[in-house]
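Note sheet for the following structure.
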Amino acid sequence: AQSVTQLGSHVSVSEGALVLLRCNYSSSVPPYLFWYVQYPNQGLQLLLKYTSAATLVKGINGFEAEFKKSETSFHLTKPSAHMSDAAEYFCAVSGLTGANSKLTFGKGITLSVRP
Amino acid sequence: DAGITQSPRHKVTETGTPVTLRCHQTENHRYMYWYRQDPGHGLRLIHYSYGVKDTDKGEVSDGYSVSRSKTEDFLLTLESATSSQTSVYFCAIQTEGPYGYTFGSGTRLTVV
């Protein structure tokens with residue numbers, strides 16, 4: 001079984017401030033981890049993914065995430081928020097084979113960026 | 001990019017009527033998925049398929065059935081639509097093993 005916990009449903013930061021969105025996972029097999037972004041009334045866009053290569057993963061739009069097995073975490077960060085980062089962010093986990101080979105999502109975090 | 005198309009994009013239907021949503025892929029990917037998205041719940045898996053005629057339930061399968069008679073099409077049916085099934089439905093295909101997924105644009109379903 002696999003699951004994802006995203007703490008808090010809403011994060012608000014000032015433009016130019018650090019963005020930190022938290023994600024903790026549970027998986028009975030080595031996980032693959034993902035962050036997706038969804039802008040209002042749009043579909044899902046992949047930000048980045050961890051596939052057991054480098055533990056620090058860089059994605060699009062200046063985002064990055066670090067896989068920490070000891071903490072079962074995969075937190076998303078961006079050094080300096082931009083107004084265009086306002087969106088909903090989802091963390092997701094999948095496993096290698098069979099019934100684990102499907103994406104399980106967290107409940108999502110809405111990021112607001114204040115001018 | 002793998003081609004994936006959902007139809008219809010929007011639908012309004014009445015309580016108690018059957019509804020079928022279609023997901024079509026232009027390649028031959030084995031795994032296909034149906035999710036629903038609701039505020040505060042993220043995306044939840046309804047059903048998935050790992051091949052023609054091979055399907056399994058996800059975490060919110062009650063009230064839904066699926067069929068996959070050919071590789072490229074994965075159909076989601078609401079046997080008798082209820083207001084609680086008002087949602088946005090996303091189809092996805094697994095394109096790179098367990099670490100690559102492509103999502104459709106979604107179907108917004110309203111049950112009145």
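Note on naming: letters A, B, ... go to the chains in the order of the sequence lines (proteins, then strands), and numbering restarts at 1 for each one.
For Gln45(A), no part lies near chain B; criterion is any non-hydrogen pair under 4.5 Å. Heavy-atom distances place both the backbone and the side chain of Leu43(B) under 4.5 Å from chain A. Arg44(B) does not touch chain A: none of its heavy atoms, backbone or side chain, sits under 4.5 Å away. Contact of Glu88(A) with chain B is made through the side chain alone, with heavy-atom distances under 4.5 Å. Residue Tyr50(B) does not touch chain A at all, counting heavy-atom pairs closer than 4.5 Å. Of the two parts of Tyr36(A), only the side chain, counted from C-beta on, holds a non-hydrogen atom closer than 4.5 Å to a non-hydrogen atom of chain B.
Cluster membership check: Met32(B) does not share its hydrophobic cluster with Val52(B), using side-chain heavy-atom separations under 4.5 Å among Ile, Leu, Val, Met, Phe, Trp and Tyr. Phe63(A) and Leu56(A) fall into different hydrophobic clusters, where Ile, Leu, Val, Met, Phe, Trp and Tyr residues are linked whenever their side-chain heavy atoms come under 4.5 Å apart, directly or through other members. Leu21(A) and Met83(A) end up in the same hydrophobic cluster when Ile, Leu, Val, Met, Phe, Trp and Tyr side chains are linked at under 4.5 Å. Leu18(A) and Phe74(A) sit in two unconnected hydrophobic clusters of ILVMFWY residues. Membership requires side-chain heavy atoms under 4.5 Å apart, directly or through other members. Side-chain heavy atoms closer than 4.5 Å link hydrophobic residues (I, L, V, M, F, W, Y) into clusters, and following such links, possibly through other members, connects Val60(B) to Leu109(B).
The hydrophobic cluster around Val112(B) extends to Val12(B), counting ILVMFWY residues whose side-chain heavy atoms fall within less than 4.5 Å of a member.
Annotation: Glu14(B), atom CD; neighbour count of heavy atoms from other residues, nucleotides and ligands within 6.0 Å does not exceed 12.
Close approach to chain B, defined as a heavy atom under 4.5 Å from one of its heavy atoms, is seen in Phe105(A), Gly106(A), Lys107(A) of residues 105-115 of chain A, taken by number. Contact annotation for residues 34-41 of chain B against chain A (heavy-atom separation below 4.5 Å, listed by residue number): Tyr35(B), Gln37(B), Gly40(B), His41(B).
In this structure, CG on Leu44(A) lies 5.5 Å from CZ on Phe103(B), to the nearest 0.5 angstrom.
Sorted by first and then second residue, the salt bridge (Lys or Arg N to Asp or Glu O under 4.0 Å) pairs involving residues 44-53 of chain A (not counting sequence neighbours) are Lys49(A)-Glu96(B).
Contact check for Arg108(B) versus Asn41(A): side-chain heavy atoms found under the 4.5 Å cut-off.
Between Gly43(A) and Phe90(B) the shortest heavy-atom distance is CA-CE2, 4.0 Å.
Counting heavy-atom pairs closer than 4.5 Å to chain B, the top residue among Leu33(A), Leu46(A), Val4(A), Thr51(A) is Thr51(A).
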